[in-house]
Engineer: 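I have a structure I would like to understand better, so I am pasting it below and will then ask my questions one at a time.
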Amino acid sequence: MAEGSRVLFLAALAACFAASDAFFRSSSPGSVNLKPMPKNPALFQVNTRVVCGELSKQLNKQATLDDYPDEDLAKIAEDYDMVYFLGVWQTGEFGMKKSVKLLNLDPCMKGLPKEAACSSPFAITDYSCHTDFGGDECLGRLRDRVHAHGMRLVVDFVPNHMAVDHPWTKTKPELLVQGSENSLGREPQNFFKVGDKVFAHGKDMYYDGWEDTVQINYGNPAAREEMGNILKKIAGLADGVRCDMAMLMCEDVLEKTWGQRLAPFGQDRAKGQFWPPAIKGAKGVNGNFQFIAECYWDREYELQQQGFDFCYDKTLYDRLKLGDAGSVVGHLKADLNYQYKLVRFLENHDEERAADTWKHTDFHRAAAVISFTIPGLRFIHDGQHIGRVRRVSMHVNRRDTVDQDVKDKGVKPMYDQLISAIGHNEAIRDGEWRQCHVTPSQDQNPSFNRIIAHAAWKDQELVLIVVNFCGEESTGHVILPSAVGGIVHGKNCKLEDIMGGHALDKKGNELMGEHGGLWMKLHPWESHIYKVVCK
């Protein structure tokens with residue numbers, strides 16, 4: 001080769017390598033310059049199987065993630081920081097067979113045809129994007145589109161188990177909890193056989209196993225390493241994981257559930273917590289990666305200490321369902337650093353639909369205003385915001401039409417107002433937060449105990465939230481926290497309800513407690529989000 005040609009060839013080769021390097025760097029979520037998340041981000045959950053099923057009917061072909069409309073992502077991005085695509089991973093034949101069996105047994109699935117059945121998204125055979133949805137390349141393109149709209153992409157991680165037909169039952173049985181023929185005979189609901197080996201179904205320590213799953217053996221260091229590597233892979237494809245039943249990985253829970261089965265045949269057993277090194281490893285791949293724990297049994301603080309960014313707040317959900325103002329106020333007195341790491345929700349794929357739980361629109365609105373104006377991650381489930389009432393089983397890929405499913409037409413405008421109000425208010429999204437002091441009226445009416453009030457502020461922007469969390473009229477004085485005194489003291493203040501409705505003109509000193517505070521008489525379940533403008 002002539003010298004000049006050689007120089008040109010080497011220059012071209014260097015350019016190709018540079019372009020290739022740039023491509024892979026741009027493809028890595030960790031290299032994307034995502035904007036910082038606010039203190040109180042909002043997440044929208046999409047049921048991938050359902051939306052791809054609906055798109056498949058519209059397009060008359062199997063829809064992939066590439067077919068998810070960009071205009072839908074743009075609409076979500078108007079109000080949300082994260083979008084969670086539930087159920088993107090590969091599942092197997094056994095899960096499908098189980099789902100077909102459930103069609104006539106599960107009330108959520110009654111009346112649906114056989115073609116509606118699909119494997120549970122929590123019985124995973126491979127952490128690769130499902131072939132029906134286009135594989136990992138499609139998932140990568142979805143992530144890029146999500147990023148283009150300024151959001152983060154969240155997917156599932158199921159740490160406790162794999163599908164019963166996962167290849168490990170044949171290729172790496174030592175990574176799974178095993179039993180004996182005696183185990184299978186005594187507890188056929190908790191064990192199953194593949195070839196000459198008996199395996200345990202995935203389970204928690206209180207209930208029998210899930211028959212479409214096989215339990216991972218976290219007593220085996222190699223199993224922990226494999227699961228950590230899976231998380232690293234996911235960190236290269238997405239920006240966060242919602243970790244199914246995350247508390248099952250706590251060392252004492254594993255011990256109570258499985259005991260000696262974690263170290264069969266005298267093998268050395270792995271010690272210590274799984275999550276801290278696993279989280280560190282994933283964040284090493286993608287510094288923006290977020291860990292969200294589905295968490296029960298009062299394990300939220302423990303998992304936060306192990307590295308989780310957010311943990312489900314099932315306690316608040318249960319107290320809001322009861323309509324018990326006192327217990328809600330008590331729950332919100334917890335340390336703020338703890339509260340900022342909680343996930344606030346009124347429904348998700350495991351719970352009943354919010355419009356079915358809070359059947360009275362004003363009660364629903366009151367619960368929503370409380371849940372989504374306090375510190376933490378705001379979790380909205382697809383369909384919640386329009387008032388769907390039928391819960392979608394994890395074993396089907398379809399839902400009723402909107403006309404069939406929505407009973408209360410007042411839910412959608414309520415959520416439109418609320419989500420717009422909180423999604424575009426920096427005090428609520430990214431400010432400081434404190435509870436307000438509520439005192440009785442001059443007649444000492446005890447109904448003041450049913451008023452829940454708190455304030456959020458950032459710089460000079462101040463918001464006051466007041467809710468009568470009761471089905472009866474309540475009265476009382478609301479006093480702003482002392483921390484906002486510098487914003488309102490000595491000023492004339494206008495309280496404008498950004499959910500629509502009335503405005504109030506008040507002296508700032510009165511809002512801080514002069515003359516008893518801001519006196520309010522509230523109808524049953526009445527709620528307000530006041531923007532406080534001071535001059």
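Model, not experiment: these values are computed from the prediction.
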Engineer: How about Phe122 and Thr213: do any of their side-chain heavy atoms sit closer than 4.5 Å?
Structural biologist: no
Engineer: Have His454 and Gln435 got a donor and an acceptor in their side chains that come within less than 3.5 Å?
Structural biologist: no
Engineer: Taking side-chain contact (heavy atoms from CB on, under 4.5 Å) as the criterion, tell me which of Ile76, Asp239, Val154 meets it with Met82.
Structural biologist: Val154
Engineer: Output yes when Asp212 and Lys101 qualify as a salt bridge under the 4.0 Å nitrogen-oxygen rule, no when they do not.
Structural biologist: no
Engineer: So do Asn160 and Met249 actually touch side chain to side chain, heavy atoms under 4.5 Å?
Structural biologist: yes
Engineer: Answer with yes or no whether the side chains of Tyr312 and Glu300 bring together a donor and an acceptor at under 3.5 Å.
Structural biologist: no
Engineer: Please state whether the rings of Phe372 and Tyr415 are parallel, tilted or perpendicular, taking 30° and 60° as the class boundaries.
Structural biologist: tilted
Engineer: Answer with yes or no whether the side chains of Ser371 and Arg344 bring together a donor and an acceptor at under 3.5 Å.
Structural biologist: no
Engineer: In plain terms, say whether Arg390 and Asp356 are close enough for a salt bridge, that is, a side-chain N and a carboxylate O under 4.0 Å apart.
Structural biologist: no
Engineer: Between Arg353 and Asp382 (salt bridge meaning N to carboxylate O under 4.0 Å), is one present in this structure?
Structural biologist: no
Engineer: Salt bridge or not for Lys341 and Asp309, using N-O below 4.0 Å?
Structural biologist: no
Engineer: Using the side-chain hydrogen bond (donor to acceptor under 3.5 Å, both in side chains) rule, take Asp208 and His201 through it: C-alpha gap first, then chi angles, then the decisive distance, then the call.
Structural biologist: CA-CA 8 Å; Asp208 285 334; His201 287 302; over 6 Å; no
Engineer: Taking the six-membered ring for Trp and the single ring otherwise, decide whether the centroids of His381 and Phe44 are under 6.0 Å apart.
Structural biologist: no
Engineer: How many angstroms lie between atom CD of Gln339 and atom CH2 of Trp433, to the nearest 0.5 angstrom?
Structural biologist: 5.0 Å
Engineer: Let's go through Thr373 and Arg378 carefully: what are the C-alpha distance in whole Å and the side-chain angles of both, what is the deciding distance for side-chain hydrogen bond (donor to acceptor under 3.5 Å, both in side chains) to 0.1 Å, and is it a yes or a no?
Structural biologist: CA-CA 9 Å; Thr373 59; Arg378 288 130 190 177; over 6 Å; no
Engineer: Assess, by modelled atom type and distance only, whether the side chains of Asp126 and Ser128 contain a donor and an acceptor separated by less than 3.5 Å.
Structural biologist: yes
Engineer: Can you find a pair of side-chain heavy atoms, one from His395 and one from Cys118, that are under 4.5 Å apart?
Structural biologist: no
Engineer: Answer yes if the side chains of Asp408 and His360 hold a donor-acceptor pair under 3.5 Å, and no otherwise.
Structural biologist: no
Engineer: Looking at Tyr68, is its backbone amide N or carbonyl O close enough to the side chain of Arg145 to form a donor-acceptor pair, meaning the two atoms are under 3.5 Å apart?
Structural biologist: yes
Engineer: Is Lys314 salt-bridged to Glu294, going by a charged N under 4.0 Å from an acidic O?
Structural biologist: no
Engineer: Parallel under 30°, tilted from 30 to 60°, perpendicular over 60°: which one fits the rings of Trp210 and His161?
Structural biologist: tilted
Engineer: Heavy atoms only: give me the nearest Cys129-Gln90 pair and the separation to one decimal.
Structural biologist: O-OE1, 4.1 Å
Engineer: Give a yes or no answer on whether the side chain of Asn217 reaches the backbone of Val177 with a donor-acceptor pair at less than 3.5 Å.
Structural biologist: no
Engineer: Hey, does Val328 have a side-chain heavy atom less than 4.5 Å from the side chain of Leu316?
Structural biologist: yes
Engineer: Looking at every non-hydrogen atom in both residues, tell me the closest pair between Gly95 and Ser119 and how far apart they are.
Structural biologist: CA-OG, 3.4 Å
Engineer: Under 6.0 Å between ring centres, would you say that holds for Phe289 and Phe291?
Structural biologist: yes
Engineer: How long is the gap from CG on Asn286 to CG on Leu237, to the nearest 0.5 Å?
Structural biologist: 10.0 Å
Engineer: Roughly how far apart are Asp132 CG and Cys138 SG, rounded to 0.5 Å?
Structural biologist: 11.5 Å
Engineer: Backbone N or O of Ile380 within a donor-acceptor pair of the Glu347 side chain at under 3.5 Å?
Structural biologist: no
Engineer: Quick one: are Phe94 and Lys97 in side-chain contact, heavy atoms under 4.5 Å?
Structural biologist: no
Engineer: Any side-chain heavy-atom pair from Leu112 and Arg398 closer than 4.5 angstrom?
Structural biologist: yes
Engineer: One pair to check against side chain to side chain contact (heavy atoms under 4.5 Å, CB included): Leu231 and Met227. What are the steps and the verdict?
Structural biologist: CA-CA 6 Å; Leu231 276 170; Met227 297 307 288; over 6 Å; no
Engineer: What closest approach, in Å, do Cys243 and Trp275 show between heavy atoms, and which atom pair accounts for it?
Structural biologist: SG-CH2, 3.8 Å
Engineer: Parallel under 30°, tilted from 30 to 60°, perpendicular over 60°: which one fits the rings of Phe192 and Phe199?
Structural biologist: tilted
Engineer: Minimum heavy-atom separation for Glu302 and Arg299, please, with both atom names.
Structural biologist: OE1-NH1, 2.9 Å
Engineer: What's the spacing between Asn229 CG and Arg224 CZ if we round to 0.5 Å?
Structural biologist: 14.0 Å
Engineer: Can you measure from OG1 (Thr315) to CG (Leu320) and round to the nearest 0.5 angstrom?
Structural biologist: 10.5 Å
Engineer: Ignoring hydrogens, what is the shortest heavy-atom contact between Leu73 and Val146? Give both atom names and the distance.
Structural biologist: CD2-CG2, 4.1 Å
Engineer: Does the pair Ile216 and Tyr218 meet the rule for a side chain to side chain contact (heavy atoms under 4.5 Å, CB included), with working shown?
Structural biologist: CA-CA 6 Å; Ile216 298 166; Tyr218 279 86; 3.7 Å; yes
Engineer: Just do the side chain to side chain contact (heavy atoms under 4.5 Å, CB included) check on Leu332 and Ile374 with the steps written out, would you?
Structural biologist: CA-CA 8 Å; Leu332 298 180; Ile374 58 179; 3.6 Å; yes
Engineer: Can you label the angle between the Phe133 ring and the His130 ring as parallel, tilted or perpendicular, going by 30° and 60°?
Structural biologist: tilted
Engineer: Apply side chain to side chain contact (heavy atoms under 4.5 Å, CB included) to Val194 and Val214, showing your working.
Structural biologist: CA-CA 11 Å; Val194 176; Val214 59; over 6 Å; no
Engineer: Going from CD on Gln62 to OG1 on Thr131, what distance comes out if it is rounded to the nearest 0.5 angstrom?
Structural biologist: 8.5 Å
Engineer: What is the minimum heavy-atom distance between Gln273 and Cys250, and which atoms define it?
Structural biologist: OE1-CA, 3.5 Å
Engineer: Under 3.5 Å, is there a donor on one side chain and an acceptor on the other for Tyr301 and Asp335?
Structural biologist: no
Engineer: Are Asp66 and Arg141 ion-paired here, with the side-chain N under 4.0 Å from a carboxylate O?
Structural biologist: yes
Engineer: So that I can tick it off, tell me whether Glu226 and Lys172 are bridged by a salt bridge, with the cut-off set at under 4.0 angstrom between side-chain N and carboxylate O.
Structural biologist: yes
Engineer: Taking 4.0 angstrom as the limit, do Asp405 and Arg391 come out as a salt bridge?
Structural biologist: no
Engineer: Are His349 and Gln45 linked by a side-chain donor-acceptor pair shorter than 3.5 Å?
Structural biologist: yes
Engineer: Are the charged groups of Lys233 and Asp136 less than 4.0 angstrom apart, N to O?
Structural biologist: yes
Engineer: So, Asp156 side chain and Gly87 main chain: donor-acceptor pair closer than 3.5 Å or not?
Structural biologist: yes
Engineer: If only atom types and distance count, is the side chain of Asn40 paired as donor or acceptor with the main-chain N or O of Tyr340 below 3.5 Å?
Structural biologist: no
Engineer: How are the rings of Phe157 and Tyr127 set relative to one another: parallel (under 30°), tilted (30 to 60°) or perpendicular (over 60°)?
Structural biologist: tilted
Engineer: Tell me whether the rings of Phe379 and Phe345 are parallel (<30°), tilted (30 to 60°) or perpendicular (>60°).
Structural biologist: perpendicular
Engineer: If you count every heavy atom of other residues, nucleotides or ligands that lies below 6.0 Å from Glu255 atom CD, does the total exceed 12?
Structural biologist: yes
Engineer: Ignoring hydrogens and angles, tell me if any N or O in the side chain of Ser327 forms a donor-acceptor pair with the backbone of Asp324 under 3.5 Å.
Structural biologist: yes
